[in-house]
*Asks:* 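Dropping the structure in here first, questions after.
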Amino acid sequence: MPELPEVETALRGIKPYILNQKITYVIVRRPNLRWPIPANLAQLLTGQTVKQLKRRGKYLLLGFDHGTLILHLGMSGSLSVLPEATPHKKHDHVELHFANHKYLRFTDPRRFGAILWTDEKAANHPLISSIGPEPLTNKFDGDYLYSISRNKKAAIKSFIMDGKIVAGVGNIYATEALFLAGIHPNKSAGDVTLNSYRKLVDAIKSILKQAIKQGGTTLKDFVNPSGSPGYFSIQLHVYGRAGKSCPRCKNKLKSIRLLQRSTVYCPYCQKA
DNA sequence: TTAATCACCTGAGGGC
DNA sequence: TGCCCTCAGGTGATTA
């Protein structure tokens, strides 16, 4: 399940092969992802050179002279850079072929991902403009979360998973960060103290940095651009460990559902 | 305005 | 072995 570290890993993996490379042709095998892929995608991209490659939240942005290709990996999406003539498989939906005889392949079994085009600056696109601050920047700190959470009754986990509050924190890292900060996931965001928010931000930054360093989390579908899985899941403290013992106090971890998402926590270490 | 729920989608895994 | 059901989850749209 690609979250911010997985997207960052994908970006770093593909960048050396496609930045400043000219696209020679485009193959779209299945245009109906989360939203339809632009029908004129091949016309838009053929002969164009990738001038910029950036990440914003969980979106990858391929910048060209005349616009930006916006990619989202959804839940099961992955990107691979492969040599020409590598045969495609069932869920390989889109390929961008480059002059260096490599191609970028977009694979997404569940098709929750997206490939969109904008003629304007990506920052002006509605999907991008509404995203909150990047979690690894100085703008994202405990004071920021505290100030915008006053009077909010939503559960803290829902709050930090809201992309408009902070970019790129999904279920896995929200679950882990709340454990590390000792905050009950169901606690109202408006009731969390400034000190706890500072701990939470430290936990989010720490866990994201660690995950990026190790190449993303490997859970079910995620593979990095070289085709190998990440190795972070072995270090998860609570996610996916309901019923097992808490790594801190050894009591049994519990599972609840918040926003239709499984949420594992320690009822002793994480106070409401 | 805010918060919760729904819908999209497919593969894995468990039960029978 | 095969069928059916449940679960996993990112995020925009819809509903309360």
Side-chain angles (χ1 to χ4, degrees), chain A residues 1-10 29-37 55-61 70-79 88-94 106-116 118 122 125-132 134-135 145 147-178 185-192 204 208 211 216-223 229-230 232-233 236 238-243 255-265:
Chain A
M1 299 138 219
E3 295 193 24
L4 188 148
E6 288 75 29
V7 179
E8 182 67 28
T9 298
R29 294 198 176 83
R30 189 153 187 176
N32 55 331
L33 301 179
R34 178 180 178 84
W35 298 289
I37 294 173
R55 178 190 57 76
R56 182 71 178 96
K58 296 174 189 172
Y59 290 91
L60 278 174
L61 309 173
I70 302 172
L71 281 82
H72 195 291
L73 299 178
M75 280 196 47
S76 57
S78 62
L79 292 169
H88 71 271
K89 295 176 184 172
K90 185 179 177 184
H91 301 295
D92 299 339
H93 304 311
V94 177
F106 179 87
T107 306
D108 188 5
R110 296 182 202 181
R111 290 190 285 126
F112 278 20
I115 297 179
L116 301 169
T118 177
H125 192 281
L127 289 174
I128 307 299
S129 62
S130 61
I131 299 175
E134 287 291 325
L145 278 186
S147 65
I148 62 168
S149 65
R150 296 308 87 190
N151 301 318
K152 299 283 186 187
K153 291 177 181 171
I156 180 65
K157 182 171 177 244
S158 308
F159 185 68
I160 60 171
M161 283 178 65
D162 184 344
K164 295 179 182 64
I165 303 298
V166 56
V169 178
N171 194 41
I172 299 169
Y173 298 110
T175 298
E176 288 293 306
L178 287 167
N186 210 11
K187 184 168 185 162
S188 291
D191 292 340
V192 176
I204 291 171
L208 289 178
T217 298
T218 173
L219 282 164
K220 292 192 177 178
D221 307 297
F222 180 72
V223 293
F232 188 59
S233 62
L236 295 177
V238 288
Y239 182 87
R241 298 191 65 245
S255 178
I256 55 173
R257 285 187 78 78
L258 277 173
L259 283 180
Q260 299 176 300
R261 302 286 177 265
S262 67
T263 303
V264 184
Y265 70 102

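Chain naming here is simple, since letters A, B, ... match the order of the sequence lines and numbering starts at 1 in each. Side-chain atoms are counted along with the backbone in the values below, which use heavy atoms only and exclude waters and symmetry mates.
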*Asks:* Base, sugar-phosphate, or nothing: which does L127(A) touch, judged by heavy atoms less than 4.0 Å apart?
*Replies:* sugar-phosphate
*Asks:* Output yes when at least one side-chain N/O atom of H72(A) is less than 4.0 Å from OP1 or OP2 of dT11(C), else no.
*Replies:*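 Yes.
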*Asks:* Tell me what F159(A) touches on the nucleic acid: a base, only sugar-phosphate, or nothing, going by heavy atoms under 4.0 Å.
*Replies:*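 Answer is nothing: F159(A) stays at 4.0 Å or more from every strand.
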*Asks:* CD1 of I115(A) versus C1' of dG10(C): gap in Å, rounded?
*Replies:* 16 Å
*Asks:* Name the closest nucleotide to the L259(A) side chain, picking from dT10(B), dT2(B), dT5(B).
*Replies:* dT5(B)
*Asks:* Are any non-hydrogen side-chain atoms of L73(A) and F106(A) less than 4.5 angstrom apart?
*Replies:* yes
*Asks:* Does some side-chain heavy atom of L236(A) sit less than 4.5 Å from a side-chain heavy atom of R241(A)?
*Replies:*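 Side chain of R241(A) against side chain of L236(A), heavy atoms only: no contact under 4.5 Å found.
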*Asks:* In whole Å, I'd like the distance from the NZ atom of K157(A) to the P atom of dA4(B).
*Replies:*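 Going from NZ in K157(A) over to P in dA4(B) covers 13 Å.
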*Asks:* Where the side chain of Q260(A) is defined as all heavy atoms beyond and including C-beta, which of dC6(B), dT11(C), dG11(B) is the nearest nucleotide?
*Replies:* dC6(B)
*Asks:* Please check the phosphate of dA8(C) (OP1 and OP2 only) for any side-chain N or O of R257(A) closer than 4.0 Å.
*Replies:* yes
*Asks:* Taking only side-chain N and O atoms of K58(A), does any of them lie within less than 4.0 angstrom of OP1 or OP2 on dG10(C)?
*Replies:* no
*Asks:* Do you know which of L258(A), L178(A), N186(A) makes side-chain contact (heavy atoms from CB on, under 4.5 Å) with T263(A)?
*Replies:*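 Testing each of L258(A), L178(A), N186(A) against T263(A), the sole residue satisfying side-chain contact (heavy atoms from CB on, under 4.5 Å) is L258(A).
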*Asks:* Contact class for S262(A) vs. all strands (heavy atom < 4.0 Å): base, sugar-phosphate, or nothing?
*Replies:*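 Sugar-phosphate, backbone atoms only, no base.
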*Asks:* Using the side-chain heavy atoms of F112(A), tell me which of these nucleotides is nearest: dT10(B), dT5(B), dC9(B).
*Replies:*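 So the side chain of F112(A) is nearest to dC9(B).
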*Asks:* Looking only at atom types and distance, does a side-chain atom of D92(A) sit under 3.5 Å from a main-chain N or O of K89(A), one as donor and one as acceptor?
*Replies:*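 It does hold such a pair.
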*Asks:* Calculate the interatomic distance between K164(A) atom NZ and dT11(C) atom C1'; express it in whole Å.
*Replies:* 8 Å
*Asks:* Name the residue closer to the 5' end of DNA chain B, choosing between K153(A) and K90(A) according to the nucleotide with the nearest heavy atom.
*Replies:* K153(A)
*Asks:* For L258(A) and dC7(C), give me the distance from atom CG to atom P, rounded to whole Å.
*Replies:* 16 Å
*Asks:* Is there, by distance only and without an angle test, a donor paired with an acceptor across the side chain of R110(A) and the base of dA8(C) below 3.5 Å?
*Replies:* yes
*Asks:* Which part of the nucleic acid does R111(A) contact within heavy-atom distance under 4.0 Å: base, sugar-phosphate only, or nothing?
*Replies:* sugar-phosphate
*Asks:* Rounded to the nearest Å, what distance is computed from the CD1 atom of residue I256(A) to the P atom of nucleotide dA8(C)?
*Replies:* 13 Å
*Asks:* On a heavy-atom basis, which atom in L4(A) and which in A167(A) lie closest, and how many Å separate them?
*Replies:* CD1-O, 3.7 Å
*Asks:* dA8(C) C1' sits how many Å from N171(A) CG, rounded?
*Replies:*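 In whole Å, dA8(C) C1' and N171(A) CG are 9 Å from each other.
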*Asks:* Between atom OH in Y59(A) and atom C1' in dT11(C), what is the gap in whole Å?
*Replies:* 7 Å
*Asks:* Nearest whole Å is fine: how far is dG10(C) C1' from W35(A) CH2?
*Replies:*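 Checked: the CH2 to C1' distance equals 9 Å.
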